[in-house]
K.L.:
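First the structure, which I've put down as structure tokens, then a few questions once you've had a look.
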Amino acid sequence: MSEHELSISEQEELRREKLQQLRDLGVNPYPYEFDVTHHSAEIKANPDNYITEDHSVSPKVAVAGRVMTRRIMGKAAFFNLQDAEGTIQVYIRRDDVGEENYNTVFKKLVDLGDIVGIKGFVFRTQTGEVTIHAEYFELLNKTLKPIPVAKEIEENGVKKVFDAFADKELRYRMRYVDLIVNPQVRETFRKRTKLVQVMREHMNELGFLEVETPILQPIYGGASARPFVTHHNALDMKLYMRIANELYLKRLIVGGFDGVYEFSKDFRNEGMSRFHNPEFTQVELYVAYKDYNWMMEFTEKMVEKVAIALHGSTKVQVGEHEINFQTPWPRIPMFEAIEKETGHNLYGKSLDELKTIAHELKIHVDDTMGIGKIIDEIFGEYVEHKLIQPVFITDYPIEMSPLAKKHRSKEGLVERFEGICNGKEICNAFSELNDPIDQRERLEEQASLRDMGDDEAMAVDEDFLRALEYGMPPTAGLGIGIDRLTMIMTNSESIRDVLFFPHMRPE
RNA sequence: GAAUCGGUAGCUCAGUCGGUAGAGCAACGGCCUUUUAAGCCGUGGGUCGAGGGUUCGAGUCCCUCCCGAUUCACCA
């Protein structure tokens, strides 16, 4: 059952004993508040605002956080205190904070990881480190588990880390510990939040409306994927966790909004990998009276803005590559991109011709694969991973895109683009199909694929078709994978590194 | 779902040919009032992922299972 019924380690046992000793001394190990006046980062950024020759007139600072390392030298000690902003060194002496408080509480009963509050003045040590000289010390939380402290040393400017808390499984399962001991993890998630904020501000500035749409849907749609299924007891009906919110947002465009967007947690019941989590986040945006050309300009502008906000530059280091998000990004029609890499122009080719070419290119094909699928396979195998710098691949085969509008001039294609960088799709967009009769035909085509066993094909959503019959203006739509964009913007190799709590099997 | 690699102290790891379970840090007992992985002396700490098998003897060899990472397949 609960943790403490299992055997606990010697160190945990000891901490429980210390807890009792604190209580016996009349020290509340879990007090109610502490008036924090400063954070480590602001003091270290502007130490001269705090340091004066005469310490008796120095400004007082009150800082709280975890004890991360300790160097005790008899009647005085240094420790590093970590707050939300970083760490700062504290100097504490018996003669300043009281004998019992120092000798017993601080030296004997406080452990690494405990949360403490200190008040004092700022000074520089003999070696020049900005340090708080504590005149007051209070325990704010007695921790019962030892934290895995890492130690760092700088040798010839190179940082070496000892005993880092590095086991990925433990880091993902106990993200709270990961966040305590691995400061760069906090930085990654701050960037993720910043990324979302920049996008939201950008869309708000253009007057688009942030909305919420159902997560529990009676018919799932808007993408090709298998859903999670759940059940509504009172109505005794099947409900699906959304795989996308596209069809609901388009209903809102029908309803008269000129631009709507939603940061949407979506759920897909498929395999997990370093690029896939069962639940993930997309932002979808729909803008009336615009087409996919407009949307390309919008997208590159917004992503460029994100890069600058996070890195102060349009250039972002991702693995081996420096990726430059500076606008404009090249636009390359899909068939041109394939021809450049394979020498084959696939446009207008029949299914049999495509199968022959696929065979030449050593792409596995089977009878269930149509024109769109084969082209997609060739693109994925020969082109996509080579696209490192941001690029828009445009004009996809109609078979792959049942919700996109037919191309205005190219037969058999739709007005669709994907933004690709670092060899991966980061967004998907099109001129939205608003011809209700065409849309019905395409969904019925999907439905017949479903009947033939393709459980990722879309269903016919009659209410959505009814909405289109009431009329949707020309509309451009966009979806951006927030997790994947965050991976690129934070140089993370796994989606788990940009999700606080990635899905894991039960312990 | 498949393949490969991994799981040993709180953390990071070593463990030879099958022969008493190891190190550093952390912890504990001492000394030390400006240290920088603080230092010095001393001490304790293990269901070796789980279960079974082979063997006089298994962390080590064999089998099954669990968990994770990576790659592949599907997808965003």
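So you know, we letter chains A, B, ... as the sequences are listed, proteins then strands, and number each from 1.
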K.L.:
When the C1' atoms of B/U20 and B/G15 are compared, how many Å lie between them, rounded to an integer?
P.N.:
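14 Å, rounded to whole Å.
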K.L.:
Please confirm whether the shortest side-chain N or O distance from A/Q11 to OP1 or OP2 of B/G45 is below 4.0 Å.
P.N.:
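Result: no.
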K.L.:
What I want to check is whether the side chains of A/T52 and A/S58 have a donor and an acceptor closer together than 3.5 Å.
P.N.:
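Checked: A/T52/A/S58 side chains pair up, N/O donor to acceptor below 3.5 Å.
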K.L.:
Excluding sequence neighbours, so at least two apart, what forms ring pair (Phe, Tyr, Trp, His ring centres under 6.0 Å) with A/F417?
P.N.:
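Applying ring pair (Phe, Tyr, Trp, His ring centres under 6.0 Å) to A/F417 gives A/F392.
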K.L.:
For A/R200, give me all partners under side-chain hydrogen bond (donor to acceptor under 3.5 Å, both in side chains), at least two apart in sequence or on another chain.
P.N.:
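Testing A/R200 for side-chain hydrogen bond (donor to acceptor under 3.5 Å, both in side chains), a comparison that skips the adjacent residues, returns A/E210.
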K.L.:
Using the C1' atom as the point on both nucleotides, what is the distance between B/G46 and B/A27, in whole Å?
P.N.:
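Looking at atom C1' only, B/A27 and B/G46 are 15 Å apart.
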K.L.:
Quote, to the nearest angstrom, the P distance that separates B/C66 from B/G39.
P.N.:
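One P to the other, the span is 45 Å.
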K.L.:
Taking salt bridge (charged side-chain N to carboxylate O under 4.0 Å, His left out) as the definition, give me every residue that meets it alongside A/E377, ordered by chain and number, with sequence neighbours left out.
P.N.:
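Residues passing salt bridge (charged side-chain N to carboxylate O under 4.0 Å, His left out) with A/E377: A/K373.
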K.L.:
Once ring pair (Phe, Tyr, Trp, His ring centres under 6.0 Å) is applied, do any residues pair with A/H133, and if so which ones, sequence neighbours excluded?
P.N.:
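Residues passing ring pair (Phe, Tyr, Trp, His ring centres under 6.0 Å) with A/H133: A/Y91, A/F121, A/F123.
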K.L.:
What is the distance, rounded to the nearest whole Å, between atom CD of A/E17 and atom C1' of B/A27?
P.N.:
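Rounded to the whole Å, the gap is 12 Å.
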K.L.:
Pick base, sugar-phosphate or nothing for A/A166, based on heavy-atom distances below 4.0 Å to the nucleic acid.
P.N.:
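Sugar-phosphate: the residue A/A166, judged by heavy atoms under 4.0 Å, touches backbone atoms but no base.
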K.L.:
Base, backbone or nothing for each nucleotide of nucleotides 68-73 of chain B, written B, S, -, heavy atoms under 4.0 angstrom, 5' to 3'?
P.N.:
SSSS--
K.L.:
Checking A/D54 now: which residues fulfil side-chain contact (heavy atoms from CB on, under 4.5 Å) with it, not counting sequence neighbours?
P.N.:
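Only A/S56, A/V57 meet the side-chain contact (heavy atoms from CB on, under 4.5 Å) criterion with A/D54.
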K.L.:
When the nearest nucleotide of RNA chain B is assigned to A/A223 and to A/E129 on a heavy-atom basis, which residue is associated with the more 5' position?
P.N.:
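Looking at the nearest nucleotide for each, A/E129 comes out on the 5' side.
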K.L.:
Tabulate below the donor-acceptor pairs under 3.5 Å that side-chain atoms of residues 166-173 of chain A make, not counting sequence neighbours, or state none.
P.N.:
unit_1, atom_1, unit_2, atom_2, d
A/D167, OD1, A/E169, N, 2.9
A/D167, OD1, A/L170, N, 3.2
A/E169, OE2, A/R173, NE, 2.9
A/E169, OE2, A/R173, NH2, 3.3
A/R171, NE, A/D178, OD1, 2.7
A/R171, NE, A/D178, OD2, 3.3
A/R171, NH2, A/D178, OD2, 3.3
A/Y172, OH, A/D497, OD1, 2.9
A/R173, NH1, A/R505, O, 2.7
A/R173, NH2, A/R505, O, 3.2

K.L.:
So if I take every side-chain heavy atom of A/L112 and compare against B/A26, B/U36, B/C11, which nucleotide ends up nearest?
P.N.:
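Within the option list, the nearest is B/A26.
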K.L.:
Using atom C1' in both nucleotides, what's the gap between B/G45 and B/U8 to the nearest angstrom?
P.N.:
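Result for the C1' pair: 14 Å, nearest Å.
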K.L.:
Output one letter per nucleotide in nucleotides 28-33 of chain B: B when a protein non-hydrogen atom lies under 4.0 Å from the base, S when only the sugar-phosphate is that close, - when neither is.
P.N.:
S-S-BB
K.L.:
Once you round it to whole Å, what is the distance between C1' of B/G39 and CZ of A/F78?
P.N.:
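Roughly 14 Å, once rounded to whole Å.
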K.L.:
Would you indicate what A/N277 reaches in the nucleic acid, counting non-hydrogen atoms under 4.0 angstrom: base, sugar-phosphate, or nothing?
P.N.:
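Contact class for A/N277: base.
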K.L.:
Taking atom C1' in both B/C11 and B/G52, compute the distance separating them and give it to the nearest angstrom.
P.N.:
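About 32 Å, rounded to a whole number of Å.
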K.L.:
Whether A/R71 contacts B/A38 is assessed here as follows: a side-chain N or O lying under 4.0 Å from the phosphate OP1 or OP2. Is that the case?
P.N.:
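It does, given that an N or O in the side chain of A/R71 lies less than 4.0 Å from OP1 or OP2 of B/A38.
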K.L.:
Name all residues meeting the salt bridge (charged side-chain N to carboxylate O under 4.0 Å, His left out) criterion together with A/K191; count only those two or more places apart in sequence or in a different chain, and write none if there are none.
P.N.:
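Scan of A/K191 (salt bridge (charged side-chain N to carboxylate O under 4.0 Å, His left out), adjacent residues dropped) gives none.
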K.L.:
I'd like to know if the side chain of A/Q82 reaches the main chain of A/I180, judged simply by a donor and an acceptor atom lying under 3.5 Å from each other, with no hydrogens or angles considered.
P.N.:
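A pair under 3.5 Å: yes.
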K.L.:
Looking at residues at least two apart in the chain, or sitting in another chain, which of them share a side-chain hydrogen bond (donor to acceptor under 3.5 Å, both in side chains) with A/T490?
P.N.:
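Once residues adjacent in sequence are excluded, the partners of A/T490 under the side-chain hydrogen bond (donor to acceptor under 3.5 Å, both in side chains) criterion are A/S492.
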K.L.:
In whole angstrom, give me the gap between the P atoms of B/G22 and B/U54.
P.N.:
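Between the two P atoms, the distance is 28 Å.
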K.L.:
Indicate, with a heavy-atom threshold strictly under 4.0 Å, whether A/E425 touches base, sugar-phosphate, or nothing.
P.N.:
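A/E425: backbone/sugar contact only, no base atoms under 4.0 Å.
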K.L.:
Taking RNA chain B as the partner, which of residues 371-380 of chain A come within under 4.0 angstrom of it by heavy atom?
P.N.:
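Within residues 371-380 of chain A, the residues near RNA chain B are A/K373, A/E377.
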K.L.:
Closer than 3.5 angstrom, by distance alone: can the side chain of A/D114 be matched with the main-chain N or O of A/K142 as a donor-acceptor pair?
P.N.:
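Not at all, since once roles are kept as given, no pair shorter than 3.5 Å links the two residues.
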K.L.:
May I ask you to decide if A/L499's main-chain N or O and A/R175's side chain share a donor-acceptor pair within less than 3.5 Å?
P.N.:
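Here the side-chain-to-backbone pair exists.
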K.L.:
With heavy atoms under 4.0 Å as the rule, sort A/Q282 into base, sugar-phosphate or nothing.
P.N.:
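Answer is nothing: A/Q282 stays at 4.0 Å or more from every strand.
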K.L.:
What distance, rounded to whole Å, do you find between the two C1' atoms, one in B/G7 and one in B/U60?
P.N.:
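Going atom to atom, C1' in each nucleotide, I get 15 Å.
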K.L.:
What pairs with A/Y136 under side-chain contact (heavy atoms from CB on, under 4.5 Å), at least two apart in sequence or on another chain?
P.N.:
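A/Y136 satisfies side-chain contact (heavy atoms from CB on, under 4.5 Å) with A/F34, A/K119, A/E138 once adjacent residues are dropped.
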K.L.:
Taking atom P in both B/A23 and B/G44, compute the distance separating them and give it to the nearest angstrom.
P.N.:
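Result for the P pair: 11 Å, nearest Å.
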